[in-house]
Amino acid sequence: MFLVLLTALLAGTPPVAAPGPAATDWRTPFEKGNGNTTATYRECIDYYQRLDSKYEEITMRRAGATDSGQPLHEVVISANGLSTPGLTRNAKRRVVFIQNGIHPGEPEGIDASMMLARDLVQEPALKPLLARLTVVIIPIYNVDGALNRNSTTRANQNGPESYGFRGNARNLDLNRDYVKQDSRNAQSFAELFAKWRPDVFVDTHTSNGADYQYTMTLIATQKDKLHPALSAYMTGRLLPSLYQGMEQRHWPLTPYVDFEGRTPDARGLQGFLETPRYSSGYAALFNTIGFITETHMLKAYQPRVKATYDFLTLLLQQLHLSADELGQARAEADRQTAAQQTFPLTWQLDTTRAETLQFRGYEGRTKPSEVSGLPRLYYDQKAPYTRPVKYYNTFRPGVQVQAPRAYVLPQAWAEVAERLKRGGVQLRRLSRDTTLTAEAYYLGDFATSPRPYEGHYLHSRLQVRPEQQKIRFSRGDYVVSLDQPQRRFAIETLEPQATDSFFTWGFFDSVLQQKEHFSDYVFEDLAADLLRRDPKLRQQLEERKKSDPAFAKSAIAQLEFVYRHSPYYEASHLRYPVVRWQGGPLNTMAD
């Protein structure tokens with residue numbers, strides 16, 4: 001039905017209804033409109049509810065809260081009514097999870113997924129895909145932004161006539177909220193994602209930036225960050241078939257374009273390093289292949305929806321054909337991750353490695369600005385070109401860490417425990433007070449952003465000093481065993497040097513402040529006594545004075561040196577609260 005209607009719209013002729021019973025009109029609001037309208041939140045939810053009531057393959061249910069006060073919904077499309085993760089896994093079906101409207105001003109996926117859900121149960125060519133696949137759809141993720149509808153905030157975008165707003169009810173960009181989970185939306189998503197643990201995840205978007213010939217660009221999970229077994233399947237089988245298939249459908253693809261300038265010739269295209277704050281980076285922590293579709297903002301809305309629909313149907317077709325291969329790659333990735341010992345925490349672009357792509361762009365030129373009179377950039381659509389450009393998409397591990405057997409998290413940090421549990425991490429609790437000899441980190445130099453980013457002052461470039469210590473823990477403190485499928489998620493959130501760790505987002509900031517100190521005139525006598533009783537400390541002080549002239553001239557700096565090497569200095573200052581446990585089993589109870 002959709003193909004008939006859209007072909008007529010693109011040809012400029014009135015749509016002709018598809019043959020069949022006239023009693024029910026299954027056209028979506030987009031199809032009923034002029035090609036430049038998108039469904040409202042209410043229209044979207046009502047449409048899925050109609051599908052749910054008509055077709056046993058479609059189940060719609062609430063999946064948690066959002067900051068708007070309206071619920072998050074999940075739509076499950078599965079043959080034989082197998083609408084739960086357990087039944088789906090027992091049937092050995094691969095799960096494809098499609099999320100729409102994280103930025104409701106970029107609504108192509110909202111409309112395309114409504115048509116996809118209908119066509120999967122109505123179109124004879126698509127229904128067989130459900131034999132090997134279960135499709136889970138979030139109709140609109142940022143419900144808050146969808147309800148904040150307007151026609152102006154996407155100043156760079158060519159339609160639709162009205163749309164939602166990027167920020168949610170708390171003005172959060174939900175595509176930065178996956179780890180920190182400040183929003184109820186992200187909290188509900190984490191639980192839903194952990195429940196389904198999909199094989200493939202798709203997040204639908206509209207781009208900003210340069211002008212070029214493509215209607216859609218694509219972000220795939222960065223190949224070096226993805227587990228090698230899945231990376232080999234994605235780069236060797238799935239991506240080539242998607243690029244070829246979209247070309248055949250007259251929607252040529254290119255990797256996501258992140259430049260704005262005359263051409264990409266000078267520095268080429270760079271792969272997008274999606275860290276876990278982003279949707280596909282979060283998905284990769286669970287061995288899920290992620291795709292972010294980015295339709296081009298300056299193309300008309302109608303072809304942007306069509307390209308998104310074609311990508312989703314093509315993806316399902318290719319996954320149906322290679323379902324066994326995907327299942328084997330996923331199983332191997334899970335098996336190897338369970339035994340993996342070294343985990344990268346940061347990544348760096350390798351500028352010595354590049355491949356060559358044929359890029360279809362428009363010449364960038366300058367002309368006088370009517371605003372400033374100064375030269376301004378414009379893209380000359382009368383001067384299209386196709387030329388080779390370098391594509392840099394090789395990333396190397398930066399900071400790496402050896403996995404412990406478990407982490408121990410004091411129960412005082414309940415907000416961290418809650419986020420781990422939402423991500424599917426199984427926590428147990430110490431059954432009694434105990435003293436453990438474990439590895440603790442002392443936090444050294446780090447940088448902090450001078451301005452807030454999504455409600456947080458982010459830390460970066462952290463240096464740590466590990467130290468074996470005897471530390472007392474209380475009954476009820478959390479034990480995070482790494483003998484579980486969520487191993488990588490736990491490591492990349494609890495290791496403080498990781499790009500999007502809970503430390504990076506400021507969840508442990510209170511340990512950065514010293515709580516006790518000294519009065520210099522009082523501590524002078526204590527320090528002198530300490531030096532008399534500890535010749536080794538006296539020697540360290542003298543050596544520091546010889547090597548550091550400024551230190552030798554500062555009385556307070558020398559007192560501070562003695563204080564920090566004395567029993568009076570609080571051991572918990574700058575000590576990261578989460579410790580690494582390498583010993584045997586701990587006495588635990590269920591959480």
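The first residue of the sequence shown is numbered 1, and numbering continues consecutively from there. Keep in mind that this is a model prediction, so the values were computed, not measured.
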Check whether any side-chain heavy atom of R61 lies under 4.5 Å from a side-chain heavy atom of D52, and answer yes or no. no

D334 and salt bridge (charged side-chain N to carboxylate O under 4.0 Å, His left out): which single residue from R488, R487, R197 fits? R197

Beyond-backbone contact of V136 with K195, side-chain heavy atoms, under 4.5 angstrom: no

Worked verdict on E332 versus R335 for salt bridge (Lys or Arg N to Asp or Glu O under 4.0 Å): CA-CA 5 Å; E332 182 63 16; R335 185 188 69 79; 2.5 Å; yes

Minimal non-hydrogen separation, G105 against Q157, with atom names: O-NE2, 2.8 Å

Between S78 and R93: side-chain donor-acceptor atoms closer than 3.5 Å: yes

Verify the neighbour count for atom CG of D445: are there more than 12 heavy atoms of other residues, nucleotides or ligands below 6.0 Å? no

Main-chain N/O of S68 paired with D144 side-chain donor or acceptor, under 3.5 Å: yes

is_close_aromatic(F507, W413), centroid dist under 6.0 Å: no

Do Y163 side-chain atoms and T152 backbone N/O form a donor-acceptor pair below 3.5 Å? yes

Residues which pass side-chain hydrogen bond (donor to acceptor under 3.5 Å, both in side chains) with T204, listed by chain and number, not counting sequence neighbours: N100

With a 4.5 Å limit on heavy-atom distance, are the side chains of Q70 and I45 in contact? no

Under 4.0 Å between a Lys/Arg side-chain N and an Asp/Glu carboxylate O for E560 and R564? yes

Can you name the closest pair of heavy atoms from R396 and D350 and give their distance? NE-OD2, 3.1 Å

Just verifying a value: how many Å separate E294 CD and I292 CD1, rounded to the nearest 0.5 Å? 6.5 Å

Scan side-chain atoms only and decide if Q99 and D203 contain a donor-acceptor pair under the 3.5 Å cut-off. yes

Which pair of non-hydrogen atoms, one from A190 and one from Y282, has the smallest distance, and what is that distance? CB-OH, 3.7 Å

Is it the case that the side chain of N142 and the backbone of P104 share a donor-acceptor pair, with hydrogens and angles ignored and the cut-off at 3.5 Å? no

Distance-only donor-acceptor check, side chains W196 and E74, under 3.5 Å: yes

Under 6.0 Å between ring centres, would you say that holds for Y568 and F518? no

Please indicate whether R461 has more than 12 foreign heavy atoms, meaning atoms of other residues, nucleotides or ligands, lying under 6.0 Å from its CZ. no

E274 and K225: salt bridge (Lys or Arg N to Asp or Glu O under 4.0 Å), yes or no, with the steps? CA-CA 9 Å; E274 14 74 298; K225 287 174 68 264; 3.3 Å; yes

Could you go through the side chain to side chain contact (heavy atoms under 4.5 Å, CB included) check for R429 and Q411 one step at a time? CA-CA 9 Å; R429 309 189 80 164; Q411 59 196 289; 3.7 Å; yes

Quiz question: by atom type and distance under 3.5 Å, do the side chains of N587 and T434 form a donor-acceptor pair? no

How are the rings of F503 and Y576 set to each other: parallel, tilted or perpendicular (split at 30° and 60°)? perpendicular

Taking all non-hydrogen atoms of both residues into account, name the closest pair between F189 and I138 and its distance. CD1-CD1, 3.8 Å

Is the backbone of S431 close enough, under 3.5 Å, to the side chain of R475 for a donor and an acceptor to pair up by distance? yes

Any D509 side-chain heavy atom under 4.5 Å of H459 side chain: yes

Look at atom CD of Q341 and say whether more than 12 heavy atoms of other residues, nucleotides or ligands are closer to it than 6.0 Å. yes

Can you confirm whether the side chains of N185 and D177 place a donor and an acceptor under 3.5 Å from each other? no

Give a yes or no on whether the backbone of I110 and the side-chain of S113 come within a donor-acceptor separation of less than 3.5 Å. no

Can you tell me if Q402 and T342 form a side-chain donor-acceptor pair at under 3.5 Å? yes

Pairwise distance CD(Q463) to OH(Y441) - rounded to 0.5 angstrom: 12.0 Å

If you define the side chain from C-beta out and look only at heavy atoms, does anything of L420 sit under 4.5 Å from L409? yes

Of all the heavy-atom pairs spanning N175 and S279, show the shortest one and how long it is. OD1-N, 3.1 Å

Does T206 reach the main-chain N or O of M297 with its side chain, forming a donor-acceptor pair under 3.5 Å? no

Compare all side-chain heavy atoms of R94 with those of L319 and state whether any distance is below 4.5 angstrom. no

N393 and side chain to side chain donor-acceptor pair (under 3.5 Å): which partner among Q270, K223, Q222? Q222

Is it true that T275 and D500 share a donor-acceptor pair across their side chains at a distance under 3.5 Å? yes

Tell me the closest heavy-atom pair linking G424 and Q484, and the distance in Å. O-OE1, 4.1 Å

Pair F508 + F502: ring centers closer than 6.0 Å: no

So does G271 get a backbone contact from the side chain of Y256, meaning a donor-acceptor N/O pair under 3.5 Å? no

Can you tell me if E570 uses its side chain to pair, donor with acceptor, with the backbone of E516 under 3.5 Å? yes

Are T504 and S501 close enough that some pair of their side-chain heavy atoms sits under 4.5 Å apart? yes

Could you tell me if the side chain of R176 sits less than 4.5 Å from the side chain of Y278, heavy atoms only? yes

Ignoring hydrogens and geometry, is there a side-chain-to-backbone donor-acceptor pair from R472 to D433 under 3.5 Å? no

Step through the shown structure and confirm whether more than 12 heavy atoms of other residues, nucleotides or ligands are within 6.0 Å of CD on Q426. no

Test of understanding: with salt bridge (charged side-chain N to carboxylate O under 4.0 Å, His left out), list the residues that count as partners of R405, not counting sequence neighbours. none

Working for side chain to side chain contact (heavy atoms under 4.5 Å, CB included), residues L82 and T134: CA-CA 8 Å; L82 304 183; T134 290; 5.7 Å; no

Centroid-to-centroid, F561 to H565, below 6.0 Å? yes

D67, N168, T66 screened by side chain to side chain contact (heavy atoms under 4.5 Å, CB included) with L174, the one that passes: N168

Give a yes or no on this: more than 12 heavy atoms of other residues, nucleotides or ligands lie within 6.0 Å of atom NZ of K470. no

I'd like to know if the side chain of T88 and the backbone of T84 have a donor-acceptor N/O pair within less than 3.5 Å. yes

CA sep, side-chain torsions, deciding dist, call: R166, R154, side chain to side chain contact (heavy atoms under 4.5 Å, CB included): CA-CA 9 Å; R166 185 182 187 93; R154 294 285 292 179; 4.0 Å; yes

For E495 and Y407, test the side chains for any donor-to-acceptor distance below 3.5 angstrom and give the result as yes or no. yes

Hey, what's the ring geometry for Y563 with F523, parallel, tilted or perpendicular (30° and 60° as the breaks)? perpendicular

Check the pair K421, Q486 against side chain to side chain contact (heavy atoms under 4.5 Å, CB included), reporting the backbone distance first and the verdict last. CA-CA 10 Å; K421 286 189 282 189; Q486 293 75 17; over 6 Å; no

